[in-house]
2 protein chains.
Amino acid sequence: MTMHSTGGRRKPPTIHDVAREAGVSRGTVSRVLNGGHYVSPAAQEAVNAAIRRTGYVVNRHARSLITGRSDSIGFLLTEPQERFFEDPNFNVLLSGCTQALATHDIPLLLMLAGTRDERRRITRYITAGHVDGVLLVSSHSGDPVAEELRAAGVPLVQCGKPMGLSSKVSYVAADDRDGARDMVRHLLSLGRRRIGMVSGPLDTPGGVDRLAGYKEVLTESGVEIDERLIVSGDYSRASGEAGTERLLAQAPDMDALFVASDLMAQGALAALRRAGRRVPEDVSVGGFDDSSAATEATPALTTIRQPYDRISAEMVRLLLAQIGGEDPAAMILPTELVKRRST
Amino acid sequence: MTMHSTGGRRKPPTIHDVAREAGVSRGTVSRVLNGGHYVSPAAQEAVNAAIRRTGYVVNRHARSLITGRSDSIGFLLTEPQERFFEDPNFNVLLSGCTQALATHDIPLLLMLAGTRDERRRITRYITAGHVDGVLLVSSHSGDPVAEELRAAGVPLVQCGKPMGLSSKVSYVAADDRDGARDMVRHLLSLGRRRIGMVSGPLDTPGGVDRLAGYKEVLTESGVEIDERLIVSGDYSRASGEAGTERLLAQAPDMDALFVASDLMAQGALAALRRAGRRVPEDVSVGGFDDSSAATEATPALTTIRQPYDRISAEMVRLLLAQIGGEDPAAMILPTELVKRRST
DNA sequence: CATGCTTCTGTGAGCGTTCACAGTAGAGAA
DNA sequence: TTCTCTACTGTGAACGCTCACAGAAGCATG
């Protein structure tokens, strides 16, 4: 009887041990391990039994050495630390990607590139082929890291629409424009007409599209667009707070506020409370994302739900397809209006 | 002139190419790569130049195959997803560990084991030797994963004091008891005497120790301990809210509240606001952690700062030491009282 | 001169896989 | 029968690195 898997830091069994145990050759074991094509049912069974008995687990390094693949992928975040700390969206995305990859038995390497030095180091690491592909989360516009990786031919899928749109860019995004339209229509349906907006950064497509949706619906509804009702932030809580203060000063008659992220909306709520405006009585507030920030806010935020679970799943699917040789592809997923107490 | 590193997904240079380029043997290049002992300055220089010229990056798989090390470590979180989504502490820790490892050029694998199946899969992955060690974050008491890894001889460092205290357990924790003492002393110094507490889960040392500190200081100060002033939560925001409601019902004369985590304190503030209690006028509120939740709260929370940056740095240091053959070691770091508007 | 020591260098072997290829057995067609 | 085709199996040769060892060179010591 052979050694079982439990305990012991001794030499783990190799494919050779399994082959001997099963009475077949290395090649056959390898074939079973990789899909079982051209293997007789009898051999198949014998090998599986031997694997179970010996507690064999493939040595990924040996495999990678010959296949050239690393069978691991990187999750790259090119945002400053502080953003990572405060924004729950990253966690949802990170968790979703980790789990989607887990079903393929692919480990995820976390890469945080907040500073210039980190970016350099990580780019080097990736282009050296230590990961097969990269899931990139970045709200920056023409992120130099993305360009560099693309130039190096590294399979890459971005979260959110990238700026350049240079045809062969793979990305998954929620339908920002449509989501914004839904929210503004909702605010209009409540009878609000002086609807303010704290948009996202306008050097990102996400920021631009949500603002565009806002303007479109107002125009379609015959409501005049007042630039004093529009400011932009950077998705951080603090910028939502500051932006709302500016709006209150510029347009004191504001009766609704569409904020381009839940986190910024939290800041907006704080600013409104300080200014003595009641939500939703005086001002209806709508957010975007449906992150945990939305339910935690007081009052709970009406918001536009981004389907993060589907986004992460699709990112992984597109990346694996791209690694498998398919062309880069883009995907835009529908959003959903979630009504809560703030409107 | 040889090919430069930029661009191209063609065969990357090997140690052999570098050797030829530098006019030395593979062995010498390898020695330079691994610390440069027993290498003449001239050879050293030639090799480094060749590495720069060829853009050589070591193939980690080939290295790992022979050394038996993977040169990567796992960050394992055995908490349910929801906790990961809402608690900013995880991000701070995760980010800190990633960066501490980056200085050693060691990638971090993210492992989320919220469910039973995931735990099984991940345990198997780890014991197969795919990582050299594990940084474990878990608030559970006798976490079975921890025991299993320990039994398998996997180097392991936990964040927070583990329950069993079975001598040979490596961990890094903040001084929970001392931090709690500071906070309660602070509340007493404000003249408060009916001090409530929402503790952490009492099957975790962290939860127990903070409660112990609270009771100690009260006793030392001659303030009677009233069990109606004590409830326990699970560190989630919702449990802080529910716990505070219970306290308000049981002890309406409460004039201060010590909550064992900032996230729970956010919930507590919501409950107090709903009950019409002003903070800090009617009730002084103190949190624990000094996470981003503390500054985001309204009013900003007085809290006990856990030195997360040092905690993550020490976790990594202890883990690498343990991988290097040293004995497991424990480390308790001091906390600090941070005064803000809530007291 | 031989001997030993230290510092440095090159070489073969081997880590555990996969892959290409060669080969065997059995079924069906000519 | 013989040939061809398909289904399956085994075998060497890599993959790119490190490690152990052997050897060379330089220098001091006997």
Side-chain angles (χ1 to χ4, degrees), chain A residues 2-3 5 9-48 50-51 54-72 105 125 128-130 132, chain B residues 2-3 5 9-48 50-51 54-72 105 125 128-130 132:
Chain A
T2 39
M3 197 182 72
S5 72
R9 209 89 170 114
R10 280 285 30 90
K11 289 242 169 203
T14 74
I15 205 174
H16 203 264
D17 300 324
V18 174
R20 188 155 25 77
E21 183 79 16
V24 298
S25 72
R26 282 165 20 241
T28 300
V29 177
S30 177
R31 273 183 288 263
V32 170
L33 253 34
N34 295 286
H37 300 301
Y38 287 98
V39 181
S40 67
Q44 184 100 240
E45 182 49 44
V47 168
N48 282 326
I51 288 177
T54 53
Y56 170 79
V57 178
V58 68
N59 181 323
R60 299 173 94 102
H61 303 304
R63 171 182 286 174
S64 293
L65 181 54
I66 183 154
T67 62
R69 287 175 286 121
S70 71
D71 288 321
S72 68
D105 209 39
Y125 184 88
H130 292 325
D132 295 340
Chain B
T2 39
M3 198 182 72
S5 72
R9 208 86 172 117
R10 280 276 42 84
K11 290 244 169 203
T14 74
I15 204 175
H16 202 265
D17 299 325
V18 175
R20 189 157 23 80
E21 183 79 16
V24 298
S25 72
R26 281 163 23 238
T28 300
V29 177
S30 178
R31 275 183 288 264
V32 171
L33 252 34
N34 295 287
H37 300 300
Y38 287 100
V39 180
S40 67
Q44 184 99 242
E45 182 49 44
V47 168
N48 282 327
I51 288 176
T54 55
Y56 170 79
V57 179
V58 68
N59 181 324
R60 299 173 95 102
H61 303 302
R63 171 182 287 172
S64 293
L65 183 54
I66 183 154
T67 62
R69 287 174 286 119
S70 71
D71 288 321
S72 68
D105 209 39
Y125 184 88
H130 292 325
D132 295 340

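Within every chain, numbering begins at 1; the chains are lettered A, B, ... in the order of the sequence lines, protein sequences first and strands thereafter.
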key: Counterpart residues, side-chain contact (heavy atoms from CB on, under 4.5 Å), relative to A:D105 (two or more places apart)   = A:R60, B:R121

request  = Check the distance between D:dG16's P and B:H61's NE2 and give it to me in whole angstrom.
outcome  = 12 Å

key: Spacing between B:R63 atom CZ and D:dC19 atom P, to the nearest angstrom   = 9 Å

request  = Considering non-hydrogen atoms only, spot the tightest contact between A:H37 and A:R31 and give its length.
outcome  = O-CD, 3.8 Å

request  = Supply the atom-to-atom distance A:R69 CZ to A:T67 OG1, rounded to the nearest 0.5 angstrom.
outcome  = 4.0 Å

task = Give me the first and last nucleotide of DNA chain C, going 5' to 3', that has any atom under 4.0 Å from a heavy atom of chain A.
result = C:dG16 to C:dT18

note = Rounded to the nearest 0.5 Å, the CG atom of A:L65 sits from the CG atom of B:N59 at a distance of 6.0 Å

Output one line per pair: protein atom, nucleotide atom from nucleotides 26-28 of chain D, and distance, for all N/O pairs under 3.5 Å.
none

request  = Measure from the side chain of A:I66, starting at C-beta and using heavy atoms only, and say which of D:dC15, D:dT18, D:dG16 lies closest.
outcome  = D:dC15

note = Contacts of A:A50 meeting side-chain contact (heavy atoms from CB on, under 4.5 Å) (sequence neighbours excluded), chain-then-number -> A:V18, A:E21, A:A22, A:R53

key: Which residues share a side-chain hydrogen bond (donor to acceptor under 3.5 Å, both in side chains) with A:S70, sequence neighbours left out   = A:S72, A:D132

task = Anything under 30° is parallel, anything over 60° is perpendicular, the rest tilted; go ahead and classify B:H130 against A:H61.
result = perpendicular

ask   = Would you say B:S25 and B:V29 make side-chain contact, with heavy atoms under 4.5 Å?
value = no

note = Bend of the helix from C:dC1-D:dG30 to C:dA30-D:dT1 from end-axis comparison, five pairs per end, nearest 10°, comes to 60°

ask   = How about A:V24 and A:V39: do any of their side-chain heavy atoms sit closer than 4.5 Å?
value = no

ask   = Given atom CZ of B:R69 and atom P of D:dC17, what is their separation to the nearest angstrom?
value = 14 Å

Euclidean distance, atom CG of residue A:N59 to atom C1' of D:dC15 [Å, nearest integer] = 13 Å

inquiry  = Looking at every heavy atom in both A:I15 and A:Y56, which two are closest together, and how far apart are they?
reply    = N-CE1, 3.5 Å

inquiry  = Any residue in residues 23-43 of chain A with a heavy atom nearer than 4.0 angstrom to DNA chain D? Just list them by number, or reply none.
reply    = A:V24, A:S25, A:R26, A:G27, A:T28, A:R31, A:Y38, A:V39, A:S40, A:A43

request  = Not counting sequence neighbours, which residues clear side-chain hydrogen bond (donor to acceptor under 3.5 Å, both in side chains) with B:R63? List them please.
outcome  = none

Partners passing side-chain hydrogen bond (donor to acceptor under 3.5 Å, both in side chains) against A:R20 (at least two apart in sequence or in another chain) = A:D17

